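This is the structure, below, for whatever I ask next.
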Amino acid sequence: GSGAFLADFLRLSQKFAKVQPLICLHEKSLNLRLRQEQILAKYKVTNYRFFADFSELPLQPSFILANEFFDALPIDAYQYHNQAWYERRVTLDKRQELAFTLGQKIDLKSQLAISDHRPIEAGAIFETSKISQNYLTALTDFASKTASHGLIIDYGYLKNPLKPTLQALHRHQMVNPLKNLGEADLTSLIDFARFNHVISQKLACQCLKQKAFLEALGYQARLAQLLKTADKAQRAKLENAAKRLLDDHQMGHNFWLIRF
């Protein structure tokens with residue numbers, strides 16, 4: 001991404017690390033790679049590489065961070081109609097504008113399981129991502145082989161809402177995902193129950209809300225410490241950031257993580 005999380009990580013880790021570790025980044029966008037390299041240069045990091053596949057990484061214990069990575073990957077969507085599941089496709093409507101439509105009928109029972117077996121209503125949407133599953137499997141295999149640890153942090157849920165979670169953000173406003181193509185930021189929510197199940201087959205892991213994780217780390221005590229020396233503007237910024245992270249109406253509600 002933009003490298004904001006990378007900058008925070010480098011700023012804090014360099015206070016404690018005596019030796020500069022090898023930093024490996026996965027980024028397909030050349031423009032974003034340049035932005036990340038600028039941040040690495042700012043913190044005088046020279047021991048880094050970009051990688052395309054986990055097979056390119058050295059087989060050694062590592063710490064893996066995936067912050068808002070999986071929510072940006074492509075998804076497949078299916079819609080329940082007339083007692084059956086159909087692919088949810090994109091077509092051109094009568095006005096020659098993009099619109100959702102039903103595609104091929106498909107049997108989801110052999111591919112996807114809805115764990116709570118609740119009644120499915122007409123119009124229900126089921127989303128999944130083959131690419132996410134491939135990344136997750138590769139990540140889990142690498143971590144199990146190398147005794148690695150890590151965090152996956154993202155927007156998501158434990159119980160599938162059976163509603164579309166695909167969303168688009170354009171100029172800080174929610175917009176139609178089929179509008180402003182190439183300009184809006186497209187994301188979807190992550191199925192953390194499924195992720196936790198996959199990881200737990202090979203690694204010890206725990207899935208919890210970001211709010212609980214931060215509170216367990218002493219977030220409130222750290223905030224109080226920072227507020228003691230903050231001026232009025234800094235206090236407002238810190239308090240707004242804390243509210244955004246912990247408030248149940250913001251990231252405190254649907255921001256989850258898995259630690260392994």
Side-chain angles (χ1 to χ4, degrees), residues 1 26 28-29 53 66-141 152-201 207 209 251 253-258:
H26 182 66
K28 292 187 176 182
S29 166
D53 188 87
N67 180 55
E68 293 188 62
F69 170 75
F70 285 97
D71 71 338
L73 297 178
I75 63 170
D76 295 309
Y78 306 91
Q79 184 168 336
Y80 196 67
H81 176 71
N82 287 342
Q83 306 296 310
W85 287 102
Y86 293 82
E87 293 177 327
R88 196 181 195 214
R89 296 291 189 89
V90 176
T91 188
L92 289 174
D93 62 18
K94 295 179 180 179
R95 296 173 295 178
Q96 294 300 295
E97 294 182 355
L98 294 177
F100 289 112
T101 188
L102 297 181
Q104 181 179 341
K105 184 177 179 180
I106 194 161
D107 179 15
L108 286 186
K109 292 181 180 179
S110 61
Q111 302 180 45
L112 306 168
I114 302 174
S115 58
D116 56 12
H117 304 291
R118 79 193 99 154
I120 302 173
E121 298 180 359
I125 302 292
F126 195 103
E127 298 171 340
T128 187
S129 171
K130 295 184 180 72
I131 294 178
S132 288
Q133 293 300 317
N134 291 340
Y135 269 114
L136 188 64
T137 299
L139 181 156
T140 303
D141 289 345
I152 296 174
I153 311 168
D154 229 315
Y155 286 97
Y157 53 80
L158 284 184
K159 182 179 180 179
N160 196 306
L162 294 181
K163 295 179 180 180
T165 72
L166 176 66
Q167 57 188 7
L169 193 66
H170 183 245
R171 297 178 180 175
H172 308 291
Q173 298 292 326
M174 300 298 296
V175 296
N176 185 330
L178 301 182
K179 303 288 186 181
N180 304 299
L181 297 184
E183 298 178 4
D185 182 17
L186 295 175
T187 61
S188 62
L189 298 185
I190 303 305
D191 186 343
F192 271 88
R194 181 176 293 273
F195 271 42
N196 195 60
H197 174 75
V198 172
I199 296 172
S200 66
Q201 302 305 300
C207 179
K209 284 192 174 184
M251 294 173 70
H253 172 65
N254 58 1
F255 220 71
W256 292 80
L257 64 84
I258 295 177

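Note that this is a predicted model, so its numbers are computed, not measured.
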Rounded to the nearest 0.5 Å, the CG atom of Asn67 sits from the CD1 atom of Ile153 at a distance of 5.0 Å
So, the side chain of Lys209 versus the backbone of His253: is there a donor-acceptor pair under 3.5 Å, distance only?
yes
For Asp93 and Thr91, what are the C-alpha separation, side-chain angles and deciding distance, and is it a side chain to side chain contact (heavy atoms under 4.5 Å, CB included)?
CA-CA 6 Å; Asp93 62 18; Thr91 188; 5.8 Å; no
Is there a side-chain contact between Gln133 and Arg194 (heavy atoms, below 4.5 Å)?
yes
Nearest 0.5 Å, what's the OG-CG distance between Ser129 and Asp191?
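If we round to the nearest 0.5 Å, Ser129:OG and Asp191:CG are 11.0 Å apart.
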Looking at Asp71, is its backbone amide N or carbonyl O close enough to the side chain of Asp154 to form a donor-acceptor pair, meaning the two atoms are under 3.5 Å apart?
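Confirmed, Asp154 side chain pairs with Asp71 backbone.
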Results of side-chain hydrogen bond (donor to acceptor under 3.5 Å, both in side chains) for Tyr86 - residues two or more places apart only
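Here no residue qualifies.
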Check each of Trp256, Phe70, Tyr157 against Phe195 using the ring-ring contact (aromatic ring centres under 6.0 Å, His included) test, and report the only one that passes.
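So, applying the ring-ring contact (aromatic ring centres under 6.0 Å, His included) to Phe195 and each of Trp256, Phe70, Tyr157, only Phe70 qualifies.
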Would you mind reporting whether Val90 and Thr101 have side-chain heavy atoms less than 4.5 Å apart?
no
List for me each residue that meets side chain to side chain contact (heavy atoms under 4.5 Å, CB included) alongside Asn196, sequence neighbours excluded, and say none if there are none.
Cys205, Cys207, Ile258
Test item: Gln201 side-chain N/O and His197 main-chain N/O as donor-acceptor pair under 3.5 Å:
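Such a contact is found between Gln201 side chain and His197 backbone.
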Taking the six-membered ring of Tyr78 (Phe, Tyr or Trp), confirm whether the NZ or CZ of Arg88 is under 6.0 Å from its centre and within 45° of its axis.
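Cation-pi check for Arg88 and Tyr78: fails.
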Show me the side-chain donor-acceptor pairs of residues 178-189 shorter than 3.5 Å, one per line, residues at least two apart or across chains.
unit_1, atom_1, unit_2, atom_2, d
Lys179, NZ, Glu97, OE1, 3.3
Glu183, OE1, His170, NE2, 3.3
Thr187, OG1, Gln167, NE2, 3.4

Inter-residue atom distance Lys163.NZ - Glu121.CD, 0.5 Å rounding:
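Answer rounded to 0.5 Å: 8.5 Å.
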Is the gap between the ring centers of Phe126 and Tyr80 under 6.0 Å?
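No, they do not, as the ring centres are separated by 6.0 Å or more.
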Which heavy atom in Ile199 sits nearest to a heavy atom in Ile152, and how many Å separate them?
CD1-CD1, 3.8 Å
Check the pair Phe69, Tyr135 against side chain to side chain contact (heavy atoms under 4.5 Å, CB included), reporting the backbone distance first and the verdict last.
CA-CA 10 Å; Phe69 170 75; Tyr135 269 114; 3.8 Å; yes
Is there a side-chain contact between Leu102 and Arg89, using heavy atoms and a 4.5 Å cut-off?
no
Close side-chain approach of Leu162 and Ile125, heavy atoms under 4.5 Å
no
Measuring only between side-chain heavy atoms, which start at C-beta, is Asp76 closer than 4.5 Å to Glu87?
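In short, these two side chains do not touch, never coming nearer than 4.5 Å.
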Donor-acceptor pair, side chain of Glu68 and main chain of Tyr155, under 3.5 angstrom
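Not a single qualifying donor-acceptor pair exists.
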To the closest 0.5 Å, what do you measure between OG1 (Thr165) and CD1 (Ile190)?
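It comes to 7.5 Å.
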